[in-house]
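Structure first, commentary second.
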Amino acid sequence: MNSGKIKEMGDILANEADLLGMIKEYLKYGEFEETVHHFEKECKNKGKVVPKPRGNSLRDSKTLIIQKDLLSSFDDGDFKVFFELWTEFVPLEVRDCDPHAQKLEFYLHVHFTIFPLKIHLGRHVPDFEVRITHFKHYLETRGAALSQTTEFLPYYALPFVPNPVVHPSFRDLFQESWIPEMKRELEKFLTVTLKVSDTPRLLSLYQLRLQLAEAEKRTSSYMRRFNKMQADHHNLIGVTAELVDSLEATVSGKMISPEYLQSVCVRLFSSQLRQSAAQSIDFTRPGTASSLLRASIVPQRPKEVPLLPSLDYDKLKRDLLGGSDRLKALLLQALCWRLTRSLQGEQRDTVLQAYVSNDLLDYHSTRQKPVLLLMRSKNEMVRQYMARLINAFASLAEGRVYLSQVPSLLRLLIESLRTEEKDSVSRENVLGALQKLSLRRSQQSAMIEDGLIDWLVDELQDSDCLSDYTLEYAVALLMNLCLRTRGKRKCAENPKYVLKVLTDLLGHENHEVTHTHFHGHTHALTHTTLTHTHTHTQTDTSRRGLATPHSLVPL
């Protein structure tokens, strides 16, 4: 065997080993423990080498280097390098919306401003003037938003104090413990914000494939537009040639008939106007056709979308907690409509960002009764509009991120699901919110632990008594939970009962629900719950992914 074939065979084996490693890595990520065990055993029996999962080592090493550079700049007092890295690698939404990030950034500016004074023991150094100028600029721009906060207010006088070292207001800044404490806070923040990725390579490749498919769709769309433009260009050249012939004919003294001009206009306006409109051009009024032609190429001005006025969120929260039930319900309805009826794009994004940055649900609050506890209100309308608002949050990706940070939310939603009357508006919105939150892996695990699968199966047992909304979202939520290994095992605890419920769903009159979600259930559960049973419910339908939330239109 020559060296070329040996090299080719070695490359094939190396690629195969890398592929097997990615498969094992993904199975571990998905918690397919038994599958991993059998996979390793079969690979060993066949003499296949399965390397240890290496993860996204290149990306992870880059992240660690960035963290190290930031900490090194902090120790050296190099504010230019530090804030260049800070601006580039800390996401803008974190710097603008996270209160902890804003607080840390403020104290980092204080640290770099007084750094020369700490190093040179209070003696005046030229670099201090540059830092003071930089700090003033920060206070006038990004730091201006914190000027109303009592904690930061004294530091706004720092640029105007001749010798901060001896000033009583800044005594704590020059304690030996201040810099180590700041560094620990910075390390913790960077560890969370610039955390290394744990996404398996196989999933990353699949995501890249989806992005490639989307790019191919856009390319195909652009090609269709290009072909249409090319056809219009050829048509325009043909019309121009005929008009030149007409001009030449008029020079020779020949008359041009109105019918001929009418046919030219029909061809010319075929892409902008209906044929009937083009044929209705009045040639007894000169300039009509040319005016239409000029109007067709005038660029349309983009419609300006106004931003909604800001709200006093502190007063809102006080009224939501201390107002009458009628006032609470009306405020919750207005907040929900402000989000759902805003125009998609910048206007809606701004509304959602304002809700999140002002912590509308009050989950950061230290008060004994945050706004979220309105889910337990004795008034049905308050509970209903609170559920509508949470469902509206869950309809948007950033809203789901915010809701997933509220530790008591799932417990309150599941409690409401079990205590509200069947098919009430409140319960339907709670169910919709849970289904949308089930797109997140951590929320799936918590729902499975809280026994939500058993509740869903019991609820779907009498599917004829459920509204279409409840049926659709209950089936979609059950499917999402059953895609997890723990969810399948939960169903396997009572396989005959689960199979009966799923089989009965096949005969339900709402075929959209059964066709959209049921085959996903059978494919996901068949091998777990029916190991020794043959059933006709298995299909050739490919396994669907997570059931996705509907558009932002709460009930």
Side-chain angles (χ1 to χ4, degrees), residues 26-32 56 91 93-94 97-98 192-200 202-204 206-207 210-211 339 348-349 352-353 355-357 359-361 363-364 372 375 386-417 428-453 455-456 472-491 516-517 520-521 524 543-552 554:
Y26 178 77
L27 292 174
K28 284 191 173 183
Y29 174 80
E31 300 179 2
F32 298 100
N56 299 307
E93 60 270 17
V94 175
C97 303
D98 186 354
V192 174
T193 307
L194 304 179
K195 59 186 177 182
V196 296
S197 174
D198 59 351
T199 305
L202 194 61
L203 185 57
S204 299
Y206 178 71
Q207 292 170 346
L210 294 180
Q211 293 174 9
L339 183 60
R348 179 170 295 168
D349 292 342
L352 182 61
Q353 288 173 8
Y355 284 3
V356 172
S357 60
D359 192 16
L360 184 61
L361 298 184
Y363 83 91
H364 282 306
L372 190 61
M375 284 297 301
M386 190 68 214
R388 288 176 184 267
L389 181 59
I390 293 174
N391 194 11
F393 263 103
S395 299
L396 300 169
E398 291 300 323
R400 291 194 290 276
V401 172
Y402 173 66
L403 293 178
S404 66
Q405 297 171 353
V406 184
S408 59
L409 176 68
L410 282 183
R411 186 176 67 253
L412 285 171
L413 293 180
I414 294 175
E415 174 187 305
S416 174
L417 202 62
E428 288 184 342
N429 276 275
V430 168
L431 184 61
L434 284 170
Q435 188 273 330
K436 295 161 189 173
L437 287 171
S438 69
L439 298 174
R440 300 180 67 85
R441 186 179 179 82
S442 59
Q443 305 298 304
Q444 290 176 355
S445 301
M447 293 179 197
I448 294 170
E449 290 297 325
D450 285 342
L452 194 55
I453 288 181
W455 185 89
L456 288 169
E472 183 174 353
Y473 275 87
V475 172
L477 175 56
L478 181 59
M479 173 185 169
N480 287 351
L481 299 182
C482 289
L483 291 176
R484 295 288 299 279
T485 302
R486 276 182 283 184
K488 297 186 186 75
R489 288 175 178 168
K490 192 68 178 176
C491 292
T516 304
H517 302 303
H521 281 300
R543 174 175 173 176
R544 297 179 182 269
L546 293 175
T548 54
H550 288 218
S551 58
L552 183 58

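The pair E31-R489 fails the salt-bridge criterion, with no side-chain N (NZ, NE, NH1 or NH2) lying under 4.0 Å from an Asp/Glu carboxylate O.
Between M375 and E415, every side-chain heavy-atom pair lies at or beyond the 4.5 Å cut-off. The side-chain heavy atoms of Y473 and E428, taken from C-beta on, include no pair separated by under 4.5 Å. Counting heavy atoms from C-beta outward, I414 and V430 have side chains that stay 4.5 Å or more apart. Residues D349 and E398 are not in side-chain contact: their nearest non-hydrogen atoms beyond the backbone lie 4.5 Å or more apart.
Here the side chain of K488 pairs a donor or acceptor atom with the backbone of L483 at under 3.5 angstrom. Remark: the backbone N or O of L481 is not paired with any side-chain donor or acceptor of Q444 at under 3.5 angstrom. The backbone N or O of L412 lies less than 3.5 Å from no partner atom in the side chain of S416, so there is not a single donor-acceptor pair. A donor-acceptor distance shorter than 3.5 angstrom exists from the side chain of Y402 to the backbone of L361, with no hydrogens or angles considered. Under a 3.5 Å cut-off, the side chain of R484 and the backbone N or O of R441 do form a donor-acceptor pair.
Under the rule for a salt bridge (Lys or Arg N to Asp or Glu O under 4.0 Å), R411 has no partner lying at least two apart in sequence or in another chain. Judged as a ring pair (Phe, Tyr, Trp, His ring centres under 6.0 Å), and not counting sequence neighbours, the contacts of Y355 are F393.
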- Message: Run L372 and M386 through side chain to side chain contact (heavy atoms under 4.5 Å, CB included) and show every step you take.
- Response: CA-CA 8 Å; L372 190 61; M386 190 68 214; 4.3 Å; yes
- Given side chain to side chain contact (heavy atoms under 4.5 Å, CB included), test L477 with L452 step by step and report yes or no. CA-CA 9 Å; L477 175 56; L452 194 55; 3.8 Å; yes
- Worked verdict on L339 versus L396 for side chain to side chain contact (heavy atoms under 4.5 Å, CB included): CA-CA 10 Å; L339 183 60; L396 300 169; 4.0 Å; yes
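The two residues Q443 and L437 make their nearest non-hydrogen contact at CB-O, 3.3 Å. Considering every non-hydrogen atom in both A394 and L403, the closest pair reads N-CD1, 3.7 Å. Minimum heavy-atom separation, N391 to G432: OD1-C, 3.6 Å. Minimum interatomic distance between A474 and L431 (heavy atoms only, all atoms of both residues): N-CD2, 3.8 Å. Nearest heavy atom pair, residue I448 against residue G487, reads CD1-N, 3.8 Å. Taking each heavy atom of S438 and N480 in turn, the nearest pair found is OG-ND2, 2.9 Å.
Put simply, NZ on K490 and SG on C482 are 11.5 Å apart, with the number rounded to the nearest 0.5 Å. Between the CE atom of M447 and the CZ atom of R440 there is a distance of 11.0 Å, given to the nearest 0.5 Å. The CG atom of L413 lies 5.0 Å from the CG atom of L434; values are rounded to the nearest 0.5 Å.
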